[in-house]
Amino acid sequence: MSDIARILISEEEIERATERIAAEIDRDYKDADGRIVLVCVLKGSIVFMGDLMKKVTVPVEIECVRVSSYGSGTTSGGNIDLILDVDRPDIRDCHLIVVEDIIDSGNTLTFLVKHLLNKGAKSVRTVTLLDKPSRRKVEFKTDYVGFEIPDEFVIGYGLDYDEKYRALPYIGVLDPSVYS
Ligand code: IMP
Ligand code: MG
């Protein structure tokens, strides 16, 4: 617990936000023509994806993508590589909803949305549990947001620092002494 400066968002708050987002997705996709596919951005979104997909009631399918952006420690770089792609022949029949843990510079989601539209998806929307609007380097507006948070490095509920802390059930602020 000593590496964690404070709890920013509790388990209960995350659950309520996830329920709200699931209801918004149900409302927006109930008459969708085609398949509805939640796309998990590995690895950070695993926990949020698992909880969100259980709360959505419209029938959804799932896919995973993985990107690597070169950066170190607590900053992500702008050069993005796709390590795992959505690979399905029926993509033109799919409404994709990209599920992210956090949007920071905006580079990852900008890249992914463009890539998935280029592949021929019927539509692409984005959902993020956390949004750090003050850190944006490219303009990007997500369709569904859990929480706007200040510019602090957070961990838990899937988010890591050096691959650690992903299994925590809440979102915590990492003590800056851990990375400075
Ligand atoms: P973006 O491309 O700069 O928007 O970065 C998004 C990615 O950066 C996220 O998917 C995370 O992997 C990582 N990231 C950004 N801020 C944080 C944070 O506070 N904690 C953990 N990971 C973060
Ligand atoms: Mg991530």
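Ligands are counted one by one from 1 in listed order, and the atoms in each one are counted from 1 as well.
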Other residues, nucleotides, ligands: >12 heavy atoms within 6.0 Å of Glu163 CD:
yes
Carboxylate-amine/guanidinium proximity below 4.0 Å for Lys122 and Asp33
yes
Thr108: numbered ligand 1 atoms lying under 4.0 Å from its heavy atoms:
1 (P), 2 (O), 5 (O), 6 (C)
Quick one: side-chain hydrogen bond (donor to acceptor under 3.5 Å, both in side chains) partners of Asp93, sequence neighbours excluded?
none
Distance only, no hydrogens: is a donor on one side chain within 3.5 Å (strictly under) of an acceptor on the other, for Asp151 and Ser134?
no
Out of Val138, Asp104, Thr128, Ile102, whose heavy atom sits nearest atom 13 (C) of ligand 1?
Ile102
Between Lys132 and Glu152, is there a side-chain N and carboxylate O pair less than 4.0 Å apart?
no
Asn107 heavy atoms within 4.0 Å reach ligand 1 at atoms 2 (O), 4 (O)
With heavy atoms and a 4.0 Å threshold, my read on which part of Asp101 contacts ligand 1 is side chain
Structural part of Leu159 in contact with ligand 1, heavy atom criterion under 4.0 angstrom
side chain
If we only consider heavy atoms of Glu152, is any one of them less than 4.0 Å away from an atom in ligand 1?
yes
Distance-only polar pair, side chains of Tyr165 and Asp3, donor-acceptor under 3.5 Å
yes
Under the side-chain hydrogen bond (donor to acceptor under 3.5 Å, both in side chains) rule, collect the residues that match up with Asp162, sequence neighbours excluded.
Lys164
Would you mind telling me if ligand 1 is within reach of the side chain of Arg135, the backbone, both or neither, using heavy atoms under 4.0 Å?
neither
Is there a heavy atom of Gly44 sitting under 4.0 angstrom from any atom of ligand 1?
no
Under 4.0 Å, heavy-atom basis, I'd like to know which part of Lys132 is in contact with ligand 1: side chain, backbone, both or neither.
side chain
Below 3.5 Å, N or O to N or O, backbone or side chain included: is there any such pair between Phe153 and ligand 1?
no
Taking 4.0 angstrom as the limit and counting only heavy atoms of Glu100, give me the atoms of ligand 1 inside it, by number and element.
10 (O)
Do any nitrogen or oxygen atoms of Asp160 lie less than 3.5 angstrom from nitrogen or oxygen atoms of ligand 1?
no
Any donor-acceptor N/O pair, Lys119 side chain to Val86 backbone, under 3.5 Å
yes
